[in-house]
Amino acid sequence: HIRLKDDNGQARSQLLSMFHVLDHLQRLHERCDKQESRVLTARATSELADECARMCDCISQILGNVDNQQLDAAIQRTTALQQYLQDERNPYRATIMEQLASGELDVPEGTRRLEAVRWLDRVSHHLARIIQHLSIAQAGTPNKSE
């Protein structure tokens, strides 16, 4: 039931950005709530330990950045995390496929690990988008993305 009384560009941009924030928060919540097995697999897999630790550290740091109104720093952190996880995803997937082919991993465990790395990647995406849209809402600049 949110309606703008005047349809000026800045207020509309801020409102749209906040809708995007809410959408990404909802999707992030669903990933964390309904896909708990994926995070548990990621945490229990030694090859993903660095990625999990980096994500936890990043989340702690961006929460501090947001609390201190340092959204530019939060954007840099989430963008760096997202890029790091994207860079690690394909080599990790290739390693899992090799382990499946050689019999080192069974198919259910390989599938769990592939789902875990996808989960990390998607969570980092939602974190980055939430911070970017918060920044747009705070600045009141036109929303040109998503």
TODO: Tell me, yes or no, whether the heavy-atom count around E98 atom CD, taken from other residues, nucleotides or ligands under 6.0 Å, exceeds 12.
DONE: no
- [ ] Would you mind reporting whether L85 and M55 have side-chain heavy atoms less than 4.5 Å apart?
- [x] yes
TODO: Report the distance from atom CG of L25 to atom CZ of R129, rounding to the nearest 0.5 Å.
DONE: 13.0 Å
- [ ] Not counting sequence neighbours, list each pair that qualifies as a side-chain hydrogen bond (donor to acceptor under 3.5 Å, both in side chains) and has a residue in residues 115-124.
- [x] R89-D121
- [ ] Please name all residues satisfying side-chain contact (heavy atoms from CB on, under 4.5 Å) with S37, sequence neighbours left out, ordered by chain then number.
- [x] none
- [ ] Quick one: sort the H125 and H24 rings into parallel, tilted or perpendicular, breaks at 30° and 60°.
- [x] perpendicular
TODO: Output the distance between atom NE2 (H133) and atom OG (S13), rounded to the nearest 0.5 Å.
DONE: 10.0 Å
Task: Closest heavy-atom pair and its distance - L48, A116 - done: CD1-CB, 4.0 Å
Open item on the list: So, using side-chain contact (heavy atoms from CB on, under 4.5 Å) as the criterion, who are the partners of T95 when residues are at least two apart?
Closed with: Q99
Task: Interatomic distance, L134 atom CG to Q14 atom CD [nearest 0.5 angstrom] - done: 11.5 Å
Task: From CZ (R93) to CG (L114), nearest 0.5 Å - done: 5.5 Å
Open item on the list: If I take atom CD1 from residue I130 and atom OG from residue S135, how far apart are they, to the nearest 0.5 angstrom?
Closed with: 13.5 Å
Task: Residues which pass side-chain hydrogen bond (donor to acceptor under 3.5 Å, both in side chains) with D50, listed by chain and number, not counting sequence neighbours - done: none
- [ ] Could you check if a side-chain atom of Q82 sits within less than 4.5 angstrom of a side-chain atom of Q86, using non-hydrogen atoms only?
- [x] yes
Counting only pairs under 3.5 Å, give me each side-chain donor-acceptor contact of residues 60-75, with atom names and distances, residues two or more places apart or in other chains.
from: S60; atom 1: OG; to: C56; atom 2: O; distance (Å): 3.3
from: Q61; atom 1: OE1; to: R77; atom 2: NH1; distance (Å): 2.9
from: N65; atom 1: OD1; to: R77; atom 2: NE; distance (Å): 2.8
from: N65; atom 1: ND2; to: Q70; atom 2: OE1; distance (Å): 3.1
from: N68; atom 1: ND2; to: G64; atom 2: O; distance (Å): 3.0
from: Q69; atom 1: OE1; to: Q138; atom 2: NE2; distance (Å): 2.3

Open item on the list: Using side-chain heavy atoms (C-beta onward) and a distance below 4.5 Å, is Y92 in contact with T45?
Closed with: yes
Open item on the list: If you count every heavy atom of other residues, nucleotides or ligands that lies below 6.0 Å from R54 atom CZ, does the total exceed 12?
Closed with: no
Open item on the list: If I take atom CG from residue L120 and atom CD from residue E88, how far apart are they, to the nearest 0.5 angstrom?
Closed with: 11.0 Å
Task: Test side-chain hydrogen bond (donor to acceptor under 3.5 Å, both in side chains) applied to Q26 - qualifying residues, sequence neighbours left out - done: E30
Open item on the list: For a quick test of reading the model, state the closest non-hydrogen atom pair linking E109 to D106 and the distance between them.
Closed with: N-OD1, 2.8 Å
